[in-house]
Chemist: 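Handing you a structure now.
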Amino acid sequence: MSRSNWAKVDIQTVPNIIVNPPGPNSKAMHTRAARYMKGYSSQVRLFPVAFEKGHGVTLTDVDGNTYIDFSSGIYVTGLGHCHPKVTEAVQKAAGELMNAHDFTTPIKMRLLEKLASIVPGEAAKKLTGMQFYDSGTAAVEAGLRVMRVASGKFEFISFHRDFHGKTLGAVGLARMDVSQGLRAPGFFLVPRGYCYRCEFHQTYPQCNLMCVDYIRTVLKEETSGRVAGIVLEPVQGWAGSIIPPDGWIQKIRALCDEFGLLLFADEVLTCMARTGKMFAMQHWDTVPDVMTLGKGFGNGFPVTAMLVAEKHKEAIEKISASTSYGGNPMACAAALASIEVIEEEDLCQRSLHLGELLMQRMRLMQEQYPIIGEVRGLGCLLGIELVKDRTTKEPFEQAGQLVYQKAFAKGLAWIPAGHILRMSPPMIMDDEVALKGLSIIEEAIAETQKELL
Ligand SMILES: Cc1ncc(COP(=O)(O)O)c(C=O)c1O
């Protein structure tokens, strides 16, 4: 395993909180920005800090406080902030050619060939039809369009609490904010393989994955029979790092094959070593028909992709690949450099190692703190679920909020999700730094438990 030294930090000096955050500069800057910028995420509303710099595994705010990064800029900068190889590649491209529509450029050609060499699938199943976009949600929309063309059908099945983006098609696949109106027709949501809170009140594996069998009922009783396919997040990110039980993905693939449905794996969040494999579906040896990539794909540069199996190449030809920015030279340079770094630094292995290290400690924490209902992780995608009572499993939202704020104030930049604490440290993080980050969370949990129970 070779990892470069550029991002090494002295464990004695991080985090470094010199002014109680959010400090005066953060507060003043955020107030000025918030005069115009509307609709902040809960992450920002709960901790309105203003960031100035990122280097490797740390972030520095405008008051000079330095934090350990347990968020990777919301699952994006898995190779660390400003990885020199990625930064250099983007700078070089920006000096040569910034945009060329969907014309071929040398760097795009190299990225396409690199991706083709790493995507899963054999022969007709290989994901070699490719288009580039500039946001995850745009790639998801392209995936839905290609499914409609390939199948000649127009209905979709997706899963409770999955998240696929914020454009109209993508929101139809997920839980809707009711204030924004109704879900478009043709979208059907079904329970997910979330064993800690099984909607069928079953126990795995005795349940035989009844949740997948239930999709048969939905196909028969709820849809018009014109279902293009099933869309899923291999591991749920937004919902709280929820990992499906073994067999769930494979059983869905089998169901798709039985009914002639396409399987769309939205890997926007899970791709690029985040879960310990280049693509999370590889954990279950399952090849989807359609796959989307984003977030870590460009390690911070907005570049995403929609990939389609070779056998659907006529369908992808029919949906135009041209967008204003998708796959521009800077985007392709960032994505190509990011893939190369993952390979050169063996970051899939690193992700698995770091994930297991953190999980060992999280399991001990679970024994010690009754407000921890479940701990889970796959590679560097981890979650801790807080409950009021382990028997009733009632979600402990107030605790989630407090732990988030307390840990942030102690120097950990990370992501809340209601009662679930989400963690996605950069895969380049050293063991000691990762354990220090987790000990900040532990301290915050201990204090919160004392205050609230
Ligand atoms: C699984 C998944 N799909 C799609 C999206 C949308 O990506 P973007 O925010 O880049 O539009 C997200 C964003 O969080 C996501 O997690």
Side-chain angles (χ1 to χ4, degrees), residues 39-44 71-78 131-147 156-177 180 187 189 192-194 229-244 249 252 263-275 277-281 283 288 290-307 323-328 331 334-335 338 378-383 414-418 420 422-424:
Y40 281 102
S41 65
S42 62
Q43 197 182 354
V44 179
S71 150
S72 299
I74 199 91
Y75 309 102
V76 171
T77 48
Q131 296 185 343
F132 296 120
Y133 293 92
D134 46 21
S135 73
T137 196
V140 167
E141 291 291 334
L144 298 183
R145 284 188 288 129
V146 91
M147 284 169 85
F156 298 98
I157 291 180
S158 56
F159 295 92
H160 292 172
R161 290 175 307 273
D162 266 15
F163 179 73
H164 298 285
K166 292 187 178 142
T167 46
L168 268 187
V171 292
L173 296 167
R175 181 160 69 179
M176 295 282 290
D177 174 350
Q180 291 173 21
F187 292 92
L189 270 67
R192 175 144 177 139
Y194 177 18
I230 297 183
V231 186
L232 56 80
E233 278 187 273
V235 178
Q236 284 184 318
W238 172 83
S241 314
I242 297 164
I243 303 149
I249 297 250
I252 290 175
L263 178 60
F264 175 175
D266 177 1
E267 293 244 17
V268 162
L269 188 145
T270 48
C271 66
M272 300 297 133
R274 172 56 55 203
T275 69
K277 300 268 185 196
M278 197 59 103
F279 311 104
M281 291 294 275
H283 285 288
V290 179
M291 183 163 87
T292 40
L293 311 178
K295 291 193 181 269
F297 187 42
N299 203 48
F301 198 94
V303 52
T304 64
M306 191 275 290
L307 313 181
T323 68
S324 298
Y325 315 109
N328 79 21
S338 299
L378 191 61
C380 282
L381 185 55
L382 303 122
W414 63 323
I415 332 168
I420 301 176
R422 294 185 287 172
M423 289 155 276
S424 63

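All heavy atoms count here, side chains included; hydrogens, waters and symmetry mates do not. Atoms within a ligand are numbered from 1 in the order they appear, just like the ligands themselves. We're numbering straight along the sequence, starting at 1. Worth saying up front: this structure is predicted, and the values here are computed from it rather than measured.
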Chemist: For the pair S338 (side chain) and A334 (backbone), establish whether a donor and an acceptor sit closer than 3.5 Å, ignoring hydrogens and angles.
Modeler: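 Between the backbone of A334 and the side chain of S338 there is a qualifying donor-acceptor contact (under 3.5 Å).
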Chemist: Side chain of Q236, backbone of H160: donor and acceptor closer than 3.5 Å?
Modeler: yes
Chemist: Looking just at side-chain N and O atoms, do D266 and T292 make a donor-acceptor pair shorter than 3.5 Å?
Modeler: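 D266 vs T292: donor-acceptor pair found between side chains.
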Chemist: Ignoring hydrogens and geometry beyond distance, is a side-chain donor-acceptor pair present between H283 and T275 at under 3.5 Å?
Modeler: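 Yes.
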Chemist: Mind jotting down which protein residues get a heavy-atom contact under 4.0 Å with ligand 1? Chain and number order, please.
Modeler: S135, G136, T137, F163, H164, G165, E233, D266, V268, L269, K295
Chemist: So, T304 side chain and S135 main chain: donor-acceptor pair closer than 3.5 Å or not?
Modeler: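 Yes; judged by distance alone, with no hydrogens or angles, the pair exists.
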Chemist: Checking side-chain polar atoms at under 3.5 Å, does S72 have a donor or acceptor matched by the opposite partner on R274?
Modeler: yes
